[in-house]
Amino acid sequence: MPELPEVETYVRELTPLLAGRRVGAAQVFWPRTIAAPDVATFQTQIIGQEFATFGRRGKYMLLGLASGATLIVHLRMTGHLQVEPASVTPDKHTHVMLDLDSGERLLFRDARKFGRIWLVDDSAPVLARLGPEPLSDDFSPGGLGALLAGRQAAIKALLLDQTIVAGVGNIYADEALFRAGIHPLRSGGGLTEVEVVRLYAAVCAVLADGIAAAGSSLGVSSIQNYQRPSGAPGSFQEQHRVFQRTGQPCLVCGAPIARIVVAQRSSHFCPHCQK
DNA sequence: ATAAGGCCCTGACCGC
DNA sequence: TGCGGTCAGGGCCTTA
């Protein structure tokens, strides 16, 4: 599942493939993929647009166009965005296809159909609910502590809340809590100042390590798996210490990694190392 | 304001 | 082999 490191990898690797490319015809096979504007308007407005700038906010990909508009893409669970030769035949998971003036096509594929695309003049309303961007100056131990103060919910659930930290998903939340030595069911407001600082550092570290490894690929099949634009996998799964390691020995203490459900999400942790 | 539960989706997997 | 049922889960919406 694409989280911040996976989306960051996408942005970096799509940049040389899309920079300066102009969009021709657009085909939309699953209308709900286009969150805004309506499909007909999207198809009209995307034609002739040129990819110019490339950015990311949380798990949102921001493909800036020379006109000033922005194509925002959220991959959600199983979305893929790939550049392929124009001879490619769209399969049943291809929901949006943009012709490029390079003789290629940009394809949005998504087995679960949760992914969304926006074409907007102003990206701010789409991103308005996002909290601080980790790996930036907007994210700090003090700021994190302030957002957690008074919250009774489990810290695992709060890490998944995009208004607390933008871009953290299930994998990186579990890995960060392990590195910080914090049990996923601890209440957010109950963390000590020292623990908040440790958690802050752990979130930054796992995200940076995830980016360095080009993300985590561990889906059961290629259509569900996160893949880079080239189709290559990331390698951060090789560094997972708890995620999907249920029953395997903790790499620190040897205790079996446990799995519980928190906020309707599977959570993996070491019962011995995480208090 | 916060927390919890439902919803959207379909491939993979399990039991029979 | 095939069928029905269950699970996974990000973000948004509704409910309490």
Side-chain angles (χ1 to χ4, degrees), chain A residues 1-8 10 28-36 56-62 72-81 90-96 108-118 120 123-134 145-177 184-191 203 207 210 215-227 237 240 242-246 259-268:
Chain A
M1 40 192 153
E3 303 178 26
L4 187 153
E6 289 75 24
V7 178
E8 178 66 24
Y10 255 100
V28 178
F29 303 105
W30 184 258
R32 294 190 65 163
T33 299
I34 307 299
R56 178 193 57 72
R57 178 79 170 93
K59 304 174 195 173
Y60 293 78
M61 235 183 289
L62 308 177
I72 304 178
V73 180
H74 197 304
L75 301 171
R76 290 277 176 88
M77 296 296 302
T78 55
H80 295 72
L81 198 57
D91 60 17
K92 66 175 180 175
H93 299 306
T94 300
H95 308 314
V96 178
F108 178 78
R109 294 189 174 101
D110 186 3
R112 290 271 158 77
K113 298 179 174 173
F114 284 177
R116 292 292 180 264
I117 296 173
W118 296 256
V120 292
S123 58
V126 177
L127 310 174
R129 296 177 191 173
L130 293 178
E133 181 67 29
L147 287 172
L148 295 179
R151 299 293 296 262
Q152 297 300 306
I155 185 61
K156 170 64 187 286
L158 294 173
L159 280 178
L160 297 177
D161 181 343
Q162 301 299 293
T163 68
I164 303 286
V165 196
V168 174
N170 213 27
I171 296 173
Y172 295 89
D174 280 3
E175 294 296 320
L177 287 171
L185 287 176
R186 291 278 303 282
S187 82
L191 300 186
V203 167
L207 293 176
S216 298
S217 299
L218 38 60
V220 286
S221 70
S222 64
I223 60 160
Q224 297 203 11
N225 212 351
Y226 153 75
Q227 296 177 320
Q237 68 279 3
H240 289 179
V242 288
F243 193 79
Q244 290 195 358
R245 292 193 67 245
T246 308
R259 175 186 180 278
I260 58 175
V261 174
V262 183
Q264 291 146 340
R265 301 288 183 272
S266 61
S267 293
H268 312 78

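Lettering follows sequence order; numbering is per chain, from 1.
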Residue pair A:N170 / A:K156, side-chain heavy-atom distance below 4.5 Å: yes
Straight-line distance of A:I164 CD1 to A:L147 CG, nearest 0.5 Å: 5.0 Å
Face-to-face stacking of A:F114 with C:dG10, centres under 5.5 angstrom, angle under 30°: yes
Given DNA chain B, 5'-ward residue of the pair A:A153 and A:K113, judged by closest heavy atom: A:A153
Listed nucleotide nearest any side-chain atom of A:R129, set C:dC12, C:dG11, B:dG11: C:dC12
List, with names and distances, any nitrogen or oxygen atoms from the protein found under 3.5 Å away from nitrogen or oxygen atoms belonging to nucleotides 6-8 of chain C.
{"unit_1": "C:dA8", "atom_1": "OP1", "unit_2": "A:R259", "atom_2": "NH2", "d": "2.4"}
{"unit_1": "C:dA8", "atom_1": "N3", "unit_2": "A:R112", "atom_2": "NH1", "d": "3.4"}
{"unit_1": "C:dA8", "atom_1": "N3", "unit_2": "A:R112", "atom_2": "NH2", "d": "3.4"}

Touch class at under 4.0 angstrom, heavy-atom based, for A:R116 against every strand present: nothing
Base C:dG10 paired with A:R265 side chain (donor-acceptor, <3.5 Å): yes
Distance test, side-chain N/O of A:R76 to OP1/OP2 of B:dC8, below 4.0 Å: no
A:L158 side-chain proximity, nearest of B:dG11, B:dA3, C:dG11: B:dA3
Touch class at under 4.0 angstrom, heavy-atom based, for A:H93 against every strand present: sugar-phosphate
From A:H268 atom NE2 to A:I171 atom CD1, the distance as rounded to the nearest 0.5 Å: 9.5 Å
Proximity to the side chain of A:A111 - top-ranked nucleotide from B:dG11, C:dG11, B:dG6: B:dG11
Bending between helix ends of the helix from B:dT2-C:dA16 to B:dC16-C:dG2 [5 pairs per end, 10° resolution]: 50°
Atom-to-atom span, CG of A:L75 to C1' of C:dG9 - whole angstrom: 14 Å
Pair A:E6 + A:K59, salt bridge at N-O below 4.0 Å: no
Stepwise side-chain contact (heavy atoms from CB on, under 4.5 Å) check, A:K113 with A:R32: CA-CA 8 Å; A:K113 298 179 174 173; A:R32 294 190 65 163; over 6 Å; no
Options C:dC12, B:dA3, C:dG10, nucleotide nearest the side-chain atoms of A:R151: B:dA3
Separation of B:dA3 P from A:Q152 CD (nearest whole Å): 7 Å
